[in-house]
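Please read the structure below before turning to the comments.
As the structure is a prediction and not an experimental result, all values here were calculated from the model. Every chain is numbered from 1 and lettered A, B, ... according to where its sequence line falls, protein lines coming before strand lines.
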There are 2 protein chains.
Amino acid sequence: MERETEEAAVVARAERRRRSDAAIVAAARELFAERGFDRTTIRAVADRAGVDPGLVMQNFGSKDALFAAAARWSAPIEQLVAATRDELPAAALHHVLDAFEDPRERAAALALMRSSLTHEAARVAMRDEVLAPAQERVADTIGGPDAALRAAVLNACMLGVSISRYLLEVPALVDADTADLERILLPALERITEPIR
Amino acid sequence: MERETEEAAVVARAERRRRSDAAIVAAARELFAERGFDRTTIRAVADRAGVDPGLVMQNFGSKDALFAAAARWSAPIEQLVAATRDELPAAALHHVLDAFEDPRERAAALALMRSSLTHEAARVAMRDEVLAPAQERVADTIGGPDAALRAAVLNACMLGVSISRYLLEVPALVDADTADLERILLPALERITEPIR
DNA sequence: GTCTATATCTTGATAGAC
DNA sequence: GTCTATCAAGATATAGAC
C-alpha cells in the first residue's frame with residue numbers, strides 16, 4: 001500500500017509540474033508576443049501564470065531558455081512542398097496567414113517575430129529556422145538561376161505584410177480580410193514565382 | 001575689449017556645445033541602429049561619442065528625447081509625388097533603397113526600423129510618420145477603390161525586403177545588388193499598382 | 001515541487017563641484 | 001559646459017527553507 005501511495009505521489013508531482021510548466025510557457029508566449037524579449041520580465045511571466053518567479057527559473061533555467069521554449073515556431077511546410085508552381089503563391093500566402101489563426105501558433109509566431117529585430121537568438125531562429133526552410137522549398141519548386149533570390153523576396157514580402165498587419169498595425173492592413181489580401185497580393189506573388197520570360 | 005572676449009567665449013561655448021551634441025546624436029544613431037532602443041544605454045552612447053554620460057542627460061533630457069533626435073527619419077517623398085502611375089514601382093523601390101545609401105540616413109532609418117517592433121514611440125513614428133505619408137502619395141497616384149490597401153501592401157513589401165536584407169540579413173538578399181532587386185521586384189510591384197482589370 | 005529571501009548587477013536620472 | 005558621485009528602481013539568478 002505504501003508503494004502505491006508513493007507512486008501516486010510521484011504521478012501527482014509530475015502532473016503538477018506539467019501543469020505549471022504549461023501555464024508558464026503559455027504566459028511567456030503571450031508576454032513575449034506583446035512586449036518582446038527585453039521588456040518581458042520573469043516576474044511578469046510568473047504573475048500571469050499564477051506561480052512564483054523562483055519556480056520559473058527553477059524549471060527553465062534562464063530567461064533565454066524560457067524564450068526558446070515559448071517562441072519556437074514551426075510552421076508546417078507540408079502544403080509548401082506539395083504545391084506545384086502554379087499553386088505556390090496561394091500556398092505561401094496561406095502558409096503564413098494560417099499561422100495567425102490558431103491562438104497558440106499565433107502567439108508563438110508573434111513572439112519570435114517581435115523579438116527578431118532586437119534579440120540575437122530570435123533573429124537567427126527567424127532567419128535560419130523559419131525563413132530558410134520555406135525559402136528552400138519554394139526555390140526548389142521555382143527552379144532556374146534566380147530561384148533562391150525569388151524565394152527570398154517572396155518570403156520578405158509575406159514577412160513585411162505580417163509585420164505591418166500584426167505588429168505595426170497599419171490600419172489599411174488591419175481592416176483587410178483574407179479575401180482582400182488574396183486579391184491584391186496573389187497577382188504580385190505570381191510575378192515572383194513565374195518562369196523567366 | 002572685455003565685451004569682445006565675452007562674446008568670443010559665448011561663441012566658443014556654443015560651438016563646443018554644438019559639436020558635443022552632434023557627436024552624441026551620431027553615436028546614438030549608430031547604437032540604436034545596431035542594438036535597438038532597449039539594449040542601447042546612455043553610457044554606451046557617451047562612450048562612443050567620447051563625452052561624459054551626465055552630459056548626454058544634461059543636453060537631451062531623457063533617453064526617449066535622445067532617441068527622437070537620433071532616429072528621426074524623413075525620407076524625401078518628392079520623387080514619390082512626382083511619379084506617374086507607370087513610374088511608381090521604380091520610384092517606390094528607389095525611395096527605399098536610396099535611404100540606405102547615405103550613411104547618416106541609413107543609420108537613422110535602421111535605428112527607427114529596428115526599434116519599431118519593441119518600442120512604442122518608434123512603432124508609432126514608423127507607422128504614422130514614415131509609412132502613412134508614403135502610402136497616401138502612392139494611393140493618390142493609383143486611384144480606385146482599393147488604392148489605400150494596394151499602397152499599404154506595396155509599403156509592406158518594401159519594408160519586408162528592407163528588414164530581411166539589412167536587419168535579419170537573409171543571405172540571398174544581402175548578396176543581391178540593386179539590379180537584382182529591380183529585376184525580381186519591379187514586375188511584382190507593377191501588379192500591385194496596375195489599374196483594375 | 002514550490003516559495004522566500006537575497007545577492008549582484010545594471011539601468012536612467014539627479015545634484016553639485018569645477 | 002563638463003564631469004564626479006550617487007540615488008532609487010528594477011533586473012536575473014541563486015541558496016535554502018518548507
Tell me: CE of Met57(B) to C1' of dG16(C), nearest whole Å? 16 Å
Closest approach of Arg35(B) and Ala44(B), non-hydrogen atoms and distance? NH1-CB, 4.0 Å
If the cut-off is 4.0 Å, is Ser20(A) near the phosphate of dG1(C), judged by side-chain N/O to OP1 or OP2? no
Over all strands shown, is Ala44(A) touching base, sugar-phosphate only, or nothing at heavy-atom distances under 4.0 angstrom? nothing
So, for Asp64(B) and His119(B), which heavy atoms are closest and what is the spacing to 0.1 Å? OD1-NE2, 3.2 Å
Tell me: CZ of Arg18(B) to P of dT2(D), nearest whole Å? 12 Å
Around atom CZ of Arg123(A), are there more than 12 heavy atoms of other residues, nucleotides or ligands at under 6.0 Å? yes
Under 4.0 angstrom, heavy atoms only, what part of the nucleic acid is Ala46(A) near: base, sugar-phosphate, or nothing? nothing
Atom CZ of Arg35(A) and atom P of dG10(D) are separated, to the nearest Å, by 13 Å
Arg19(A) has an atom CZ; how far is it from atom P of dG1(C), in whole Å? 14 Å
Please give, in whole Å, the distance from dC3(D) C1' to Asp47(B) CG? 14 Å
Just the rounded figure in Å: distance from P of dT2(D) to CZ of Phe60(B). 11 Å
Is it the case that over 12 heavy atoms from other parts of the model lie below 6.0 angstrom from the CZ atom of Arg85(B)? yes
Give the rounded distance in Å between these two atoms: CZ of Arg39(A) and C1' of dG10(D). 13 Å
Identify, between Gly61(A) and Ala14(B), the residue whose nearest nucleotide on DNA chain D lies closer to the 5' end. Ala14(B)
Holding to side-chain hydrogen bond (donor to acceptor under 3.5 Å, both in side chains), I want the full list of residues that pass it with Glu182(A), two or more places apart in sequence or in another chain. His94(A)
Of the non-hydrogen atoms in Ala152(A) and Ala172(B), which two are nearest, and what is the gap between them? CB-CB, 3.8 Å
Report, one pair per line, the protein and nucleotides 4-11 of chain C atoms (nitrogen or oxygen only) whose separation is under 3.5 Å.
unit_1: dT4(C); atom_1: OP2; unit_2: Asp52(A); atom_2: OD1; d: 3.1

Rounding to an integer number of Å, can you tell me how far Asn59(A) CG sits from dT2(C) P? 7 Å
Work out which heavy atom in Asp98(A) is nearest to a heavy atom in Gln79(A); give both atom names and the distance. OD2-NE2, 4.2 Å
Output the single nucleotide from dT14(C), dT2(C), dC3(D) whose closest atom is nearest the side chain of Val51(B). dC3(D)
